[in-house]
Amino acid sequence: MTSLRTAVLLAAVLVGWATAEIVYPSPNKDENDSDFWLELGRKEIEEALEQPKLTNVAKNVILFLGDGMGITVNTAGRILKGQKQGNSGEEGYLVWERFPNIGLMKTYNLDKQVPDSAGTATAYLSGVKANFYTLGVNGKVKLDDCEASLIDDNRVKTVLDWAQDADKETGVVTTAQVSHATPGGLYAKSASRKWQCDTIMKKYKATSGCKDIARQLVEDEPGRNMKVIMGGGRQEMGAPLEEGAKPKCVRNDGRNLVEKWQQDRDAAGKTNAYVTNTRQLRDLDVEDTEYILGLFGDLHVPYEVDRNTTLDGTPHIKEMVEVAINRLNKHDKGFFLLVEGGRIDHGLHYGMPKRALEELVAFEEAVERALELVNLEETLIIVTADHSHVMTINGYPNRGNNILGLVETSDDVSDGLPFTTLMFTNGHGYNFTWDGHGVTRRNLTGIDTSDKNFEPLAAVPTYEGSETHGGEDVAAFALGPMAHLFHRVHEQTHVAHVMGYAACIGPYDDCDRPVRVPANVYETIRDQNREKRKGMSSATANGASFVVMTLAAVIQVVRGAIYC
Ligand SMILES: *[C@@H]1O[C@H](CO)[C@@H](O)[C@H](O)[C@H]1NC(C)=O
Ligand SMILES: *[C@@H]1O[C@H](CO)[C@@H](O)[C@H](O)[C@H]1NC(C)=O
Ligand SMILES: *[C@@H]1O[C@H](CO)[C@@H](O)[C@H](O)[C@H]1NC(C)=O
Ligand SMILES: [Zn+2]
């Protein structure tokens, strides 16, 4: 780090993030020179020409799902990540933004232009689009229609079934409740995502044969076969709670589903562990524990900005992922893992960008950790979102302006007041007042807009926690075998189909592709590459001949914290 950057960082710490003068410097010292951009452009062209196509079978599949991580959130998260390192931030990349393949997903539900996380989870986990708020059922089941959800033909198989049928090991890690919409999309069949516990089901009078989602996880296939289940949700599971836990979905049927989960495994002679804090997670012996259940919150796992980071507290998502992969990676037939950054969405619903973006940065660390732990030649990694949010990035803050800060002055703004770069079109931050002459908004000068609880202005008022999802497409970033099947605007269901096809499971299990690319293929590629690197002009001349980048080079590009 240059001394200038250190000084800026120090200044930022001393005066607090609120001060508008903090401008983070660019790490690219030569960016004012034409040559810098011409060279960077040349490298990107070279990288694009060298796009690898790994057509072998994916032994493992890891799906990273940033809940609510729309493209705006992704961009803001990228900038925050850079600023946390003392850089201006815009020039950097999140680790998945260097993955070689990307597509855009249409997120609508069958009955909604703007979707929820349950209908979308059904789409990207089963390959079949569904209605708003429904889990694991097709379009014939509308919200709350318990009866229709019980009809076999209306229930869909998911990538979790496909992976288990292929004898792969499976798991889920989330920072939301383990019975929440995204994990529920893997294993539950429910006409409402709200039916997480028996009490709620009674409220909806949905008792005619429908089972709550937490029970489905523990009692039914494929949920109960998962080797790793980590997240929050002790309340829905009927497990012992912390003192003073707020009752949201308390079990009234007397079931303790954690005990039931343990008893089932003990009865089958299977090693298992139930863990509830960081110490217990770290003490786990993954070599000797076949089934792991970790519940790190009565409701959700605490936000990264609130988390108790001591051993008695709750683990960082990266630690959860590390344990999950270390456990699942032992199996020769491979594994499927879903990792959800579940609280990016919650921070946004509360209209608190700092909360959401810190969740995104933590989620990114989990992806980075995973890349170090698996063989990327045989693991398909997809990073995507279920839907977007109505947050936007306002114009025109200066380069390096605190992404959580203010745009001090703008000739375009007619009331002359500063405003935050990040703002919502609806949300709890709505705050307009009548000053006797006209409608005004708050003068934010001197307010700490980087506080974790700060709510930027919203145009339409909502109840607390009810800022809505947004309807534009989300990105899917992919790396590994068959990652190139993401190539245009797709239906969100495409995610499930790519996972199935890449791993030769589910609807694509009749597959004759090689399990591994022979080692010498990479040697050939490496030689071609070496020759090609002798000069860019010869590579361009050879453009017609298909040159594949070495996997090692791809990994270097993906992992490198390089800016150019
Ligand atoms: C680029 O030039 C501008 C003035 O036009 C200057 O403020 C800025 O610091 C320069 N950037 C770098 C990285 O030197
Ligand atoms: C906003 O508040 C600051 C500090 O109190 C003040 O200097 C500025 O004039 C105010 N802006 C407007 C438009 O009232
Ligand atoms: C709303 O704005 C007024 C001034 O316009 C301010 O006094 C008040 O604190 C604001 N409310 C919130 C919740 O920020
Ligand atoms: Zn949401």
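Numbers here simply count residues along the sequence, with the first being 1. All figures in this text were calculated on a predicted structure; none of them were measured in a lab. All values below were derived from every heavy atom in this structure, side-chain atoms included, with hydrogens, water molecules and symmetry-related copies excluded.
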Problem - Residue pair Asn225 / Thr170, side-chain donor-acceptor N/O under 3.5 Å - result: no
Practice task
Could you go through the side chain to side chain contact (heavy atoms under 4.5 Å, CB included) check for Met482 and Leu54 one step at a time?
Solution key: CA-CA 6 Å; Met482 289 294 166; Leu54 296 185; over 6 Å; no
Handout entry: Side-chain ion pair, Glu242 and Arg234, N-O less than 4.0 Å
Key = yes
Problem - Flag, side chain of Glu97 to backbone of Leu94, donor-acceptor distance under 3.5 Å - result: yes
Exercise for the section: Indicate yes or no for a side-chain donor-acceptor contact from Asp345 to the backbone of Leu348 under 3.5 Å, with no hydrogens or angles considered. Expected result: no
Problem - salt bridge (Lys or Arg N to Asp or Glu O under 4.0 Å) contacts in which one or both residues fall within residues 120-141, not counting sequence neighbours - result: Lys129-Glu491
Exercise for the section: Would you check if the side chain of Thr314 reaches a backbone N or O of Asn277 as a donor-acceptor pair within less than 3.5 Å? Expected result: no
Handout entry: Any pair counted as ring pair (Phe, Tyr, Trp, His ring centres under 6.0 Å), so long as it reaches residues 307-339, sequence neighbours left out
Key = none
Practice task
Run the ring-centre check on Tyr508 versus Tyr501 and record whether the distance is less than 6.0 Å.
Solution key: yes
Problem - Ion pair check, Lys43 and Glu46, cut-off under 4.0 Å - result: no
Practice task
Please name all residues satisfying side-chain hydrogen bond (donor to acceptor under 3.5 Å, both in side chains) with Glu169, sequence neighbours left out, ordered by chain then number.
Solution key: Lys227, Arg327
Practice task
State whether Arg215 and Glu236 are salt-bridged, where the test is any N-O pair (Lys NZ or Arg NE/NH1/NH2 against Asp/Glu carboxylate O) under 4.0 Å.
Solution key: no
Problem - Within 6.0 angstrom of Lys194 NZ, more than 12 heavy atoms from elsewhere - result: no
Problem - Partner set under side-chain hydrogen bond (donor to acceptor under 3.5 Å, both in side chains) for Asp473, not counting sequence neighbours - result: none
Problem - Side-chain H-bond candidate by donor/acceptor type, Thr310 with Asp312, under 3.5 Å - result: no
Exercise for the section: Check the angle between the aromatic planes of His490 and Phe486 and answer parallel, tilted or perpendicular using the 30° and 60° thresholds. Expected result: perpendicular
Completion exercise
From the list Thr120, Thr122, Thr134, side-chain contact (heavy atoms from CB on, under 4.5 Å) partner of Asn109 resolves to Thr120
Problem - Flag, side chain of Glu322 to backbone of Ala370, donor-acceptor distance under 3.5 Å - result: no
Practice task
Establish, from distance only, whether the side-chain atoms of Asn74 and Trp96 form a donor-acceptor pair under 3.5 Å.
Solution key: yes
Exercise for the section: Mark yes or no for whether Arg98, through its side chain, and Tyr93, through its backbone, hold a donor-acceptor pair below 3.5 Å. Expected result: no
Problem - Asp386 (side chain) donor-acceptor with Thr182 (main chain) under 3.5 angstrom - result: no
Problem - Pair Arg224 + Glu221, salt bridge at N-O below 4.0 Å - result: yes
Practice task
Give a yes or no on whether the backbone of Leu135 and the side-chain of Ser190 come within a donor-acceptor separation of less than 3.5 Å.
Solution key: no
Problem - Other residues, nucleotides, ligands: >12 heavy atoms within 6.0 Å of Lys330 NZ - result: yes
Practice task
Can you tell me which residue pairs pass the ring pair (Phe, Tyr, Trp, His ring centres under 6.0 Å) test with a partner in residues 264-303, sequence neighbours excluded?
Solution key: His180-His300, His300-His346
Practice task
Keeping the roles fixed (side chain from Thr175, backbone from Gly342), state whether a donor-acceptor pair exists under 3.5 Å.
Solution key: yes
Exercise for the section: Please work out which of the three classes, parallel, tilted or perpendicular, describes the rings of His469 and His387, given edges at 30° and 60°. Expected result: parallel
Exercise for the section: Could you tell me whether a side-chain N or O of Asp298 sits under 3.5 Å from a main-chain N or O of Gln235, the two making a donor and an acceptor? Expected result: no
Problem - is_close_aromatic(Trp195, Tyr133), centroid dist under 6.0 Å - result: no
Problem - Whether Lys81 side chain and Val361 backbone form a donor-acceptor pair below 3.5 Å - result: no
Problem - For Gln492, all residues meeting side-chain hydrogen bond (donor to acceptor under 3.5 Å, both in side chains), sequence neighbours excluded - result: none
Handout entry: Electrostatic pair Asp67:Arg343 at N-O distance under 4.0 angstrom
Key = no
